[in-house]
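Each residue takes its place number in the sequence, starting with 1.
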Amino acid sequence: MEQVDPRTRILDAAEELFYGRGVQAVGMDAVRAASGLTMRRVYQHFPSKEDLVEAYLLRRDARWRASLAVHVSRAGGTPREQVLAVFDWLGGWFAEPGFRGCAFVNSFGELGATTPAVAAAARHHKAEFASYLAGLVEAVGAPPATAAQLALLAEGAITVAAVHGDPGAAAEAREAARVLLDAATRGRKR
């Protein structure tokens, strides 16, 4: 059996608890219990809950964006098909058991006004996602503003899927993205 390092065990426990229940609803003792480590060991790695929340968000950001990029890359096809693959990936995410929306929006809503590190992590995640979409849009040959419009479609779909428990929001956003791309690239070849 592979031994998981303590930091990873703590982050795994924190991610499951923070995403599933909310950051404010989960105390450090719950993280300690879920990780199977002592409180002393938890605080050796994360001197405060704020440090743990920031690390959880930064790790989640890297994993979320990497998973998206791998999916889009494997989808292949034309640049246009790759943009639409973003919404296919969202649909798969929305259908996962335990989907609770965007961890960054959730955390920002709970702590963003009082915890600068949480606000910064949420802004970083959203900026990186927008930048990723901008790269895809550039390859399509659509105007740069199209990336911001696609980001709004994706963010709206995430919110609708979370609030209504409806993974179909991704398919609706995908169709809107298709219409947007058609309008943005009318008369252009790519």
Side-chain angles (χ1 to χ4, degrees), residues 1-74 85-133 151 154-167 169-170:
M1 180 174 178
E2 183 182 331
Q3 191 74 293
V4 178
D5 74 277
R7 182 179 173 84
T8 300
R9 286 171 58 184
I10 296 164
L11 284 169
D12 288 347
E15 182 163 6
E16 184 176 333
L17 293 168
F18 291 161
Y19 185 70
R21 296 185 198 166
V23 174
Q24 291 182 328
V26 175
M28 290 298 276
D29 193 55
V31 174
R32 179 213 49 84
S35 70
L37 299 168
T38 65
M39 191 61 87
R40 182 174 181 265
R41 187 74 166 195
V42 171
Y43 280 114
Q44 282 176 339
H45 289 278
F46 302 98
S48 71
K49 184 175 176 182
E50 184 177 325
D51 292 330
L52 179 57
V53 171
E54 182 180 12
Y56 145 68
L57 289 172
L58 293 176
R59 183 179 83 154
R60 187 167 178 97
D61 168 61
R63 290 168 33 170
W64 190 92
R65 290 186 299 110
S67 176
L68 173 62
V70 165
H71 175 84
V72 169
S73 174
R74 287 184 180 157
V86 168
F87 295 91
D88 297 334
W89 182 86
L90 289 174
W93 177 40
F94 298 169
E96 289 177 3
F99 171 75
R100 279 195 9 78
C102 177
F104 303 90
V105 169
N106 296 345
S107 297
F108 184 85
E110 287 189 71
L111 300 170
T114 59
T115 311
V118 168
R123 288 183 183 112
H124 171 78
H125 173 74
K126 297 306 180 184
E128 289 297 318
F129 179 54
S131 177
Y132 177 72
L133 288 174
E155 295 296 340
I158 293 167
T159 300
V160 168
V163 171
H164 295 286
D166 180 13

Residue list, side-chain contact (heavy atoms from CB on, under 4.5 Å) with V105, at least two apart or on another chain: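 Scan of V105 (side-chain contact (heavy atoms from CB on, under 4.5 Å), adjacent residues dropped) gives C102, K126.
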Sequence-distant partners of A55, side-chain contact (heavy atoms from CB on, under 4.5 Å), two or more places apart: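 Counting only residues at least two positions away or on another chain, A55 forms a side-chain contact (heavy atoms from CB on, under 4.5 Å) with R7, L11, F46.
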Considering all heavy atoms, the nearest [X]-[Y] contact:
X	Y	answer
K49	V23	NZ-O, 2.7 Å
S107	V118	O-CG1, 3.5 Å
A119	G112	CB-O, 3.7 Å
R41	P6	NH2-CG, 2.9 Å
I10	V42	CD1-CA, 3.7 Å
M28	Y43	CG-OH, 3.4 Å

From CA spacing to verdict: side-chain contact (heavy atoms from CB on, under 4.5 Å), L57, H125: CA-CA 9 Å; L57 289 172; H125 173 74; over 6 Å; no
For the pair [X] (side chain) and [Y] (backbone), establish whether a donor and an acceptor sit closer than 3.5 Å, ignoring hydrogens and angles.
X	Y	result
E15	R60	no
S73	A69	no
D61	H124	no

Passing option when W64 is tested against Y56, W89, Y19, Y132 for ring pair (Phe, Tyr, Trp, His ring centres under 6.0 Å):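 Exactly one option meets the ring pair (Phe, Tyr, Trp, His ring centres under 6.0 Å) with W64, and it is W89.
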Going from [atom1] on [X] to [atom2] on [Y], what distance comes out if it is rounded to the nearest 0.5 angstrom?
X	Y	atom1	atom2	result
L37	Q44	CG	CD	9.5 Å
S35	E16	OG	CD	11.5 Å
F94	I158	CZ	CD1	5.0 Å
E110	Q24	CD	CD	5.0 Å
F104	E155	CZ	CD	10.5 Å
R123	E128	CZ	CD	15.0 Å

SB check D12 R9 (cutoff 4.0 Å):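 Between R9 and D12 there is no salt bridge, as every charged N stays at least 4.0 Å from the carboxylate O atoms.
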Student check: side-chain heavy atoms of D29 and R32 closer than 4.5 Å: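 In contact.
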side-chain contact (heavy atoms from CB on, under 4.5 Å) between V31 and F18, intermediate numbers included: CA-CA 9 Å; V31 174; F18 291 161; 4.3 Å; yes
Neighbour count >12 (heavy atoms, 6.0 Å) for atom CZ, R100: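 Yes, because the 6.0 Å sphere around CZ of R100 holds more than 12 heavy atoms from other groups.
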